[in-house]
Amino acid sequence: MESSAVQDDAGARDAGPRFPTGFRWGAATAAYQIEGAAAEDGRGPSVWDTFARTPGKVLGGDTGDVAVDHYHRYPEDVALMRELGLSAYRFSVSWSRVQPAGAGAANERGLDFYRRLVDELLEAGIEPWPTLYHWDLPQPLEDAGGWPERETAYRFADYAVLVHEAVGDRVKHWTTVNEPWCAAFLGYASGDHAPGRLDPAGSLLAAHHLMLAHGLAVQALRARRPDELFGAAVNLYAVSPATDDPADVDAARRIDGLQNRLFLDPLLLGRYPEDVLADTARHGFEPDAADLAVINQPIDQLGINYYTRHTVAGTPGEAAQTASGPFAVHSPWVGSEHVRFVPAGRPTTGMGWEIDEGGLHEVLTRVHREYPAVPLYITENGAGYDEVPDGDGTVHDAGRIAYIDAHLRACHAAIADGVPLAGYFTWSLLDNFEWAWGYSKRFGLVHVDYATQRRTPKDSARWYSEVIRRGGLPGAG
């Protein structure tokens, strides 16, 4: 696709890249990070409620008990989305709000919130994109063994049907699980995320059962509404060896395997990568081949979450670990704990993540080249910074604008190279609870004063709104 000139309202010509007609422009959030109302209307505790209330797990002792109070302020937040011009909004559903015990009948008061939210979005002309699982497992299911237990996958499929019964007549696009790598390996191997367990063997089972849950849910929901569109969202990274030393090259293979191929291969090819199974063999990970047929359901969309590139070394040296949390000690890289993550000298965001938009182009073209064709969406991409408002309340976040601009240009280049990329959801709509970092990191287009819950669109929100209006980016210079 060639860049084309865009005529703006003032009649000036803009030679920046333009995206295809119908390209979806969105923003994303997650339930525990924004909703609050942790004990209202029948909601039960999730693993993140328990984890956040455990001393030493979340920076500053922060919790999502109130978060940014989206549960009560969703009409205001939807109005902000409409002002931005979003065509779609990706949000997650709190399993603990819908099914507090993780099993049994639905909590109708919890479902009512999502009914109201979906109706509010549709009234505003915004397409709802629910994600059924963004890491907040009901605590009773964790008490019964959590994701390392096969039964959890079946309970997830039951829960998915409850949500679908409530809003399936008004929702077209469904995401089953979000970033299963994080839920499995940060949750069960390194303990940096909820539930905070140190169980490498269990983390591999968790990864498998998260994928099985996806397949079971797609089967169940497609049987109800075959005309709707189903998929998962995986966090992918470009992975590079620090040098051409064979040990560094092997380290890149290992991390690519655990981060990317361990999920893409079963989802899209119906198999696990043999080298990853060999790398993790000492943990007894032998997935049932029959499960792969369930996991490998035909999907209608694949969400890709991208933030940075991994540069890795397998040679001895000073350890440098990716910042999965402020208290990171244990490696989440099961079977490859010796691998070091090293800086490559690129500029970083406020999270310490190197900025490499070329890696996004690499990821998109690779998925298109190596896997069966499926419409792709960027379901998360954004930058965390620590900006503060000026005296007049304005938030100037030029770094975030530059980050999103560069990554959208990478998306446009991928489309030009034939990648079927159909939409982009920036992370995040609102500043919010950033997992183990608490409220110390801000990813939002909209600034939130956590003391007053006042919302203030940042410069990036106005910039993104103009991109949406144009259907493309400004020209260089």
Side-chain angles (χ1 to χ4, degrees), residues 20 22-24 88 90 92-93 127-134 150 152-165 167-181 183-184 207-236 260-274 276 287-305 363-380 414-415 418-423 425:
F23 190 83
R24 284 181 175 81
R90 179 176 177 250
S92 80
V93 178
E127 194 173 39
W129 277 57
T131 296
L132 291 167
Y133 188 72
H134 199 131
R150 184 181 183 83
T152 306
Y154 292 92
R155 297 289 70 74
F156 176 79
D158 293 343
Y159 148 73
V161 169
L162 295 178
V163 179
H164 195 267
E165 286 174 344
V167 296
D169 60 331
R170 286 157 287 167
V171 170
K172 182 74 171 179
H173 294 265
W174 293 86
T175 300
T176 53
V177 297
N178 177 78
E179 296 190 356
W181 184 90
H208 178 66
H209 293 148
L210 281 154
M211 289 290 88
L212 180 61
H214 154 80
L216 292 168
V218 170
Q219 284 183 329
L221 301 191
R222 183 168 281 137
R224 292 174 52 80
R225 296 291 292 265
D227 59 320
E228 294 179 354
L229 305 175
F230 304 99
V234 290
N235 53 319
L236 303 183
N260 300 324
R261 292 181 286 116
L262 183 65
F263 300 97
L264 288 173
D265 283 19
L267 274 173
L268 299 175
L269 300 176
R271 63 175 184 251
Y272 278 110
E274 291 294 333
V276 178
D288 189 330
D291 288 350
L292 286 165
V294 178
I295 295 169
N296 184 219
Q297 294 298 302
I299 57 174
D300 310 290
Q301 59 195 40
L302 178 68
I304 294 175
N305 298 354
V363 162
L364 287 169
T365 53
R366 179 192 183 184
V367 171
H368 177 54
R369 181 178 65 251
E370 297 183 8
Y371 293 92
V374 60
L376 304 179
Y377 293 85
I378 300 302
T379 37
E380 288 185 27
I415 293 171
V419 174
L421 182 64
F425 293 77

Peer 1: Return all side-chain donor-acceptor pairs below 3.5 angstrom for residues 210-225, not counting sequence neighbours, or 'none' if the list is empty.
Peer 2:
{"from": "His214", "atom 1": "ND1", "to": "Thr176", "atom 2": "OG1", "distance (Å)": "2.7"}
{"from": "Arg222", "atom 1": "NH1", "to": "Pro298", "atom 2": "O", "distance (Å)": "2.8"}
{"from": "Arg222", "atom 1": "NH2", "to": "Pro298", "atom 2": "O", "distance (Å)": "3.1"}
{"from": "Arg222", "atom 1": "NH2", "to": "Asp300", "atom 2": "OD2", "distance (Å)": "2.7"}
{"from": "Arg224", "atom 1": "NE", "to": "His164", "atom 2": "ND1", "distance (Å)": "2.9"}

Peer 1: Not counting sequence neighbours, which residues clear side chain to side chain contact (heavy atoms under 4.5 Å, CB included) with Pro372? List them please.
Peer 2: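 Side chain to side chain contact (heavy atoms under 4.5 Å, CB included) check on Pro372 returns Leu268, Leu269.
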
Peer 1: Rounded to the nearest 0.5 Å, what separates atom NZ in Lys172 from atom CZ in Phe230?
Peer 2: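 Spacing of NZ (Lys172) from CZ (Phe230) equals 9.0 Å.
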
Peer 1: What is the distance from atom CD1 of Ile378 to atom CG of Leu302, rounded to the nearest 0.5 Å?
Peer 2: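 If we round to the nearest 0.5 Å, Ile378:CD1 and Leu302:CG are 9.5 Å apart.
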
Peer 1: Where do Ala290 and Asp288 come nearest, in terms of heavy atoms and distance?
Peer 2: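 Looking at all heavy atoms of both residues, the closest pair is N-OD1, 2.8 Å.
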
Peer 1: Do you know which two heavy atoms are closest between Phe23 and Ile415, and how far apart they sit?
Peer 2: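 Shortest heavy-atom contact: CE1-CD1, 4.0 Å.
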
Peer 1: Check side chain to side chain contact (heavy atoms under 4.5 Å, CB included) between His173 and all other residues, then give those that pass, not counting sequence neighbours.
Peer 2: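 Arg24, Glu127, Trp129, Leu229, Gln301, Tyr377.
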
Peer 1: With sequence neighbours left out, what residues match Asn305 under side-chain hydrogen bond (donor to acceptor under 3.5 Å, both in side chains)?
Peer 2: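 By the side-chain hydrogen bond (donor to acceptor under 3.5 Å, both in side chains) rule, Asn305 matches Asn178, Glu179, Thr379, Glu380.
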
Peer 1: Mind checking side chain to side chain contact (heavy atoms under 4.5 Å, CB included) for Leu292 and listing every partner two or more places apart, or none if nothing turns up?
Peer 2: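 In terms of side chain to side chain contact (heavy atoms under 4.5 Å, CB included), with neighbours along the sequence ignored, Leu292 is linked to Pro266, Tyr272, Ile295.
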
Peer 1: For Tyr133, what residues pass the ring-ring contact (aromatic ring centres under 6.0 Å, His included) criterion, not counting sequence neighbours?
Peer 2: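 Applying ring-ring contact (aromatic ring centres under 6.0 Å, His included) to Tyr133 gives Trp147.
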
Peer 1: For Asp158, give me all partners under side chain to side chain contact (heavy atoms under 4.5 Å, CB included), at least two apart in sequence or on another chain.
Peer 2: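 Counting only residues at least two positions away or on another chain, Asp158 forms a side chain to side chain contact (heavy atoms under 4.5 Å, CB included) with Arg155.
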
Peer 1: Between Val93 and Pro130, which heavy-atom pair has the shortest distance, and what is it?
Peer 2: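 Reported closest heavy-atom pair: CG2-CB, 4.3 Å.
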
Peer 1: Quick one: side-chain hydrogen bond (donor to acceptor under 3.5 Å, both in side chains) partners of Asn260, sequence neighbours excluded?
Peer 2: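 With neighbours one apart ignored, the set is Asp256.
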
Peer 1: For side chain to side chain contact (heavy atoms under 4.5 Å, CB included), just list the numbers for Val363 and Arg366, CA-CA rounded to whole Å, side-chain angles, deciding distance to a tenth of an Å, and then say yes or no.
Peer 2: CA-CA 5 Å; Val363 162; Arg366 179 192 183 184; 5.8 Å; no

Peer 1: If we only count heavy atoms from C-beta on, is the Val234 to Pro180 side-chain gap below 4.5 Å?
Peer 2: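 The answer is yes, as the side chains (C-beta and beyond) meet within the 4.5 Å cut-off.
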
Peer 1: Residues in side-chain hydrogen bond (donor to acceptor under 3.5 Å, both in side chains) with Thr131, at least two apart?
Peer 2: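 Thr131 satisfies side-chain hydrogen bond (donor to acceptor under 3.5 Å, both in side chains) with Arg90 only.
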
Peer 1: Side chain of Glu370, backbone of Val367: donor and acceptor closer than 3.5 Å?
Peer 2: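 No, Glu370 side chain to Val367 backbone: no donor-acceptor pair under 3.5 Å.
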
Peer 1: Check whether Tyr159 reaches the backbone of Leu132 with its side chain - one donor and one acceptor, N or O, closer than 3.5 Å.
Peer 2: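 Answer holds: yes.
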
Peer 1: Going by salt bridge (charged side-chain N to carboxylate O under 4.0 Å, His left out), name the residues that satisfy it together with Asp291, two or more places apart in sequence or in a different chain.
Peer 2: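 In terms of salt bridge (charged side-chain N to carboxylate O under 4.0 Å, His left out), with neighbours along the sequence ignored, Asp291 is linked to Arg150.
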
